[in-house]
Amino acid sequence: MSETKIALVTGANKGIGYEIAAGLGALGYRVGLGARDEARRESAVGKLRAAGVDAFGVPLDVTGDRSVADAADLIGRKAGRLDVLVNNAGISGETGPGWVQDPTTLDLGLVRRVVETNVIGVIRVTNAMLPLLRRSASPRVVNVSSAVASLTRQADPDIEIGPVMAAYAPSKSFLNAVTVQYARHLAGTGVLVNAACPGLVATDFTGFQGPRTPEQGAATAIRLATLPDGGPTGSFFEDDGVIPW
């Protein structure tokens, strides 16, 4: 089995996910780019290969059982194991003016769609990839979260945390809670599981509003994906360190 480390990044055809893949590739990882759209996925793979990254496409819809199972099978056949899983794919769901999701008028179907991708999708992908991760000497799982997931910050009137987003923000709090449960369950196995906040990044996800570049947004996830053995697990990080739950 090759000693080159293998990574899978979901939602990797653009934005932060692409830059996470690019950053890991620059460190010598062989990187699978998980994405639903074939044309965008293969275009991203082509760009990374042109930059010298050992990249390959992984057809992947995190909301589909069959798609996720097929992705795990593909990685198993191509690489035999997985060293890093970055669960980056996510959606905000529809918002009103100013990105607001009003809890008093919230469409329940919207909540289900957001949770299906941002939480259940992460569970689905992680569980499918765990057999491959267990074959790694230093397996790492990184869940891309958001500072709006912090209940401590949300509840503090002196902290500017952004608009009320009654579907998206709770979905990321849910994701953080799931991250802790995986870390607890996998304690002592060598699998380190953490959540990363990229900050407010100018991508199409934010309408290209935000002070941070996609490369800056990718930095914390890349750091957590490459933690040394014995590093932290079950924690929530941004550039400046740990974010309070």
Does a salt bridge link Glu19 with Arg212, judged by any charged N lying under 4.0 Å from a carboxylate O? no
For the side chain to side chain donor-acceptor pair (under 3.5 Å) test, which of Thr126, Asn143, Asn194 pairs with Thr179? Asn143
Just verifying a value: how many Å separate Gln154 CD and Thr152 OG1, rounded to the nearest 0.5 Å? 10.0 Å
Find out if a path of hydrophobic residues (ILVMFWY) with successive side-chain heavy-atom gaps under 4.5 Å connects Ile123 to Ile91. yes
Go through Asn13 and Lys47 one step at a time and tell me if the side chain to side chain contact (heavy atoms under 4.5 Å, CB included) criterion holds. CA-CA 10 Å; Asn13 61 291; Lys47 285 171 58 180; over 6 Å; no
For the hydrophobic clusters of this structure (ILVMFWY residues joined by side-chain heavy atoms under 4.5 Å, transitively), does one cluster hold both Leu224 and Ile243? no
For Thr117 and Val114, indicate whether the former's side chain and the latter's backbone hold a donor-acceptor pair under 3.5 Å. no
Please answer whether the main-chain N or O of Ala55 pairs with a side-chain N or O of Arg49 as donor and acceptor at a distance below 3.5 Å. yes
Listed once per pair and sorted, the side-chain hydrogen bond (donor to acceptor under 3.5 Å, both in side chains) pairs that draw on residues 56-69, sequence neighbours left out: Asp61-Thr63, Asp65-Arg124, Arg66-Asp70
Modelled atom types, side-chain donor and acceptor of Thr104 and Asp102, under 3.5 Å: yes
Does any part of the side chain of Arg153, heavy atoms only, come nearer than 4.5 Å to the side chain of Pro244, both counted from C-beta? yes
Find the distance between OG1 (Thr220) and CG (Asp239) and round it off to the nearest 0.5 Å. 4.0 Å
Looking only at non-hydrogen atoms, find the nearest pair between Ala12 and Ala44 and report the distance. O-CB, 4.4 Å
Gap separating the CG atom of Leu227 from the CZ atom of Phe237, nearest 0.5 angstrom: 7.0 Å
Looking at side-chain heavy atoms only, is the closest gap between Leu110 and Gln101 below 4.5 Å? yes
Please tabulate, for the side chains in residues 156-163, all donor-acceptor contacts under 3.5 angstrom to protein atoms that are two or more places apart in sequence or on a different chain.
{"from": "Asp156", "atom 1": "OD1", "to": "Asp158", "atom 2": "N", "distance (Å)": "2.9"}
{"from": "Glu160", "atom 1": "OE2", "to": "Gly162", "atom 2": "N", "distance (Å)": "2.8"}

Can you find a pair of side-chain heavy atoms, one from Val191 and one from Tyr182, that are under 4.5 Å apart? no
Nearest heavy atoms of Ala71 and Val58, plus distance in Å: CB-CG1, 3.6 Å
Which atom pair, heavy atoms only, marks the closest approach of Thr10 to Ala89? OG1-N, 2.9 Å
Distance, nearest 0.5 Å, that separates CD1 of Ile75 from CG of Leu60: 8.0 Å
Consider only side-chain N and O atoms of Tyr18 and Asn88, and report whether a donor and an acceptor are under 3.5 Å apart. no
At what distance, to the nearest 0.5 angstrom, does OH of Tyr168 lie from CG of Asn118? 6.5 Å
pair Val84-Lys5: side-chain heavy atoms closer than 4.5 Å: no
Check: Gly57 main-chain N/O paired with Arg41 side-chain donor or acceptor under 3.5 Å: no
If you look only at pairs with a residue in residues 29-39, which of them pass as a salt bridge (charged side-chain N to carboxylate O under 4.0 Å, His left out), with sequence neighbours excluded? Arg30-Asp54
Would you say that Leu27 contacts Ile222 through its side chain, given a criterion of any heavy-atom pair below 4.5 Å between the two side chains? yes
Indicate yes or no: at least one non-hydrogen side-chain atom of Val141 is less than 4.5 angstrom from one of Asn87. yes
May I ask you to decide if Ser150's main-chain N or O and Lys172's side chain share a donor-acceptor pair within less than 3.5 Å? no
Give a yes or no answer on whether the side chain of Glu116 reaches the backbone of Gly121 with a donor-acceptor pair at less than 3.5 Å. no
Taking all non-hydrogen atoms of both residues into account, name the closest pair between Ala72 and Ala128 and its distance. CB-O, 3.7 Å
Indicate, with yes or no, if Ile120 and Val68 share a hydrophobic cluster defined by side-chain heavy-atom contacts under 4.5 Å among Ile, Leu, Val, Met, Phe, Trp and Tyr. yes
Kindly say whether Ile6 contributes a backbone atom to a donor-acceptor pair with the side chain of Asp83 at under 3.5 angstrom? yes
Under 3.5 Å, side chain of Ser43 to main-chain N/O of Arg40, donor-acceptor pair present? no
Quick check on the hydrophobic clustering: are Leu192 and Val242 connected, directly or via other members, by side-chain heavy-atom contacts under 4.5 Å? yes
Tell me, yes or no, whether the heavy-atom count around Arg112 atom CZ, taken from other residues, nucleotides or ligands under 6.0 Å, exceeds 12. no
Does the side chain of Leu85 come within less than 4.5 Å of Leu8's, by heavy atoms? yes
Using a strict cut-off of less than 4.0 Å between a Lys/Arg side-chain nitrogen and an Asp/Glu carboxylate oxygen, indicate whether Asp229 and Arg140 qualify as a salt bridge. yes
Between CG of Leu175 and OG of Ser145, what distance do you get to the nearest 0.5 Å? 5.0 Å
Determine whether a donor-acceptor pair (N or O, by modelled atom type, separation under 3.5 Å) exists between the side chain of Thr233 and the backbone of Val193. yes
Treating Ile, Leu, Val, Met, Phe, Trp and Tyr as nodes and any side-chain heavy-atom pair under 4.5 angstrom as an edge, say whether Val125 and Leu133 lie in one connected cluster. yes
Taking every non-hydrogen atom, the tightest pair across Ala149 and Asn176: CB-ND2, 3.4 Å
Side chains of Leu48 and Leu33, heavy atoms from C-beta outward: is any pair under 4.5 Å? yes
What pair of heavy atoms forms the shortest contact from Thr4 to Gly28, and how long is it? CG2-O, 3.4 Å
